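Reviewing the structure listed below.
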Amino acid sequence: MNIEFVLGEIPKDWSYSLLGKICEDTGGNIQTGPFGSQLHKSDYVLHGIPSIMPKDITNNGISEEDISRISPKNAERLSRYLVQQGDIVYSRRGDVERCALITKKEDGWQKC
């Protein structure tokens, strides 16, 4: 498929790549959030580690308004899903145009 057909005209001084290729070249990976069987409604707490869900992803940011939280114990159990500064998070369902770069503030939060 012609990438310009999808994206429109690309400026001459820009380059583009697929996320999978960037991960391959840099040693990164693409990781989905935990599935429903790993995190239940009863696992959410009033005070704890913020758990980023698609509804919390704004245009290049994370909204803490009404964000769900999990206990440190559950965060440890689900440690492979904790985000790090520099990660990119995006929704795989619903509004798939939402994405955000994880900053120092969100480092260690959990993604769903």
Side-chain angles (χ1 to χ4, degrees):
M1 174 182 285
N2 181 335
I3 196 71
E4 289 191 352
F5 175 78
V6 175
L7 299 177
E9 187 175 343
I10 299 172
K12 298 293 181 209
D13 59 336
W14 285 21
S15 63
Y16 62 88
S17 185
L18 301 175
L19 282 177
K21 178 69 172 142
I22 293 170
C23 290
E24 180 181 305
D25 291 348
T26 63
N29 66 24
I30 297 173
Q31 172 69 52
T32 62
F35 296 99
S37 61
Q38 295 172 300
L39 199 56
H40 304 92
K41 186 175 181 177
S42 61
D43 292 322
Y44 295 106
V45 296
L46 289 177
H47 305 284
I49 310 297
S51 183
I52 303 167
M53 296 185 192
K55 71 174 182 63
D56 305 312
I57 302 170
T58 64
N59 290 328
N60 201 27
I62 305 296
S63 172
E64 290 184 67
E65 185 178 323
D66 208 27
I67 197 166
S68 298
R69 297 173 182 275
I70 60 173
S71 69
K73 180 179 178 181
N74 274 321
E76 184 178 333
R77 178 176 62 87
L78 300 168
S79 63
R80 71 182 281 187
Y81 302 106
L82 299 180
V83 295
Q84 298 177 359
Q85 183 176 353
D87 285 354
I88 298 170
V89 294
Y90 58 93
S91 176
R92 297 182 308 129
R93 63 184 195 275
D95 189 351
V96 296
E97 294 178 1
R98 294 181 185 190
C99 64
L101 179 66
I102 297 299
T103 67
K104 184 177 181 179
K105 177 181 177 183
E106 296 97 15
D107 190 76
W109 289 11
Q110 194 253 344
K111 65 181 171 193
C112 281

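Everything numeric in this text was worked out from a predicted model, so none of it was measured.
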Is there a side chain to side chain contact (heavy atoms under 4.5 Å, CB included) between Arg77 and Leu39 once you walk through the steps?
CA-CA 10 Å; Arg77 178 176 62 87; Leu39 199 56; 4.2 Å; yes
Asp25, CG atom: more than 12 neighbouring heavy atoms under 6.0 Å
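Yes, enclosed.
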Exceeds 12 heavy-atom contacts within 6.0 angstrom, atom CD1 of Ile10
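Yes, because the 6.0 Å sphere around CD1 of Ile10 holds more than 12 heavy atoms from other groups.
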Mind checking the [atom1]-[atom2] spacing from [X] to [Y]? Nearest 0.5 Å is all I need.
X: Gln38; Y: Arg80; atom1: CD; atom2: CZ; result: 7.5 Å
X: Glu24; Y: Leu18; atom1: CD; atom2: CG; result: 10.5 Å
X: Tyr81; Y: Ile70; atom1: OH; atom2: CD1; result: 11.5 Å
X: Lys41; Y: Asp43; atom1: NZ; atom2: CG; result: 12.5 Å
X: Asn60; Y: Arg98; atom1: CG; atom2: CZ; result: 13.5 Å
X: Tyr44; Y: Ile67; atom1: OH; atom2: CD1; result: 10.5 Å

Minimum heavy-atom distance between [X] and [Y], given as atom pair plus value:
X: Ser51; Y: Asp56; answer: O-OD2, 3.5 Å
X: Ile30; Y: Cys23; answer: CG1-SG, 3.9 Å
X: Ala100; Y: Ile62; answer: CB-CD1, 3.9 Å
X: Arg69; Y: Leu46; answer: CD-O, 3.4 Å
X: Leu78; Y: Gln110; answer: CD1-NE2, 4.2 Å

With Trp109, which of Ile52, Val89, Asp87 fulfils side-chain contact (heavy atoms from CB on, under 4.5 Å)?
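When Ile52, Val89, Asp87 are each tested with Trp109, the side-chain contact (heavy atoms from CB on, under 4.5 Å) holds only for Ile52.
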Going by distance alone, is a donor N or O of one side chain under 3.5 Å from an acceptor N or O of the other, for Glu76 and Ser79?
no
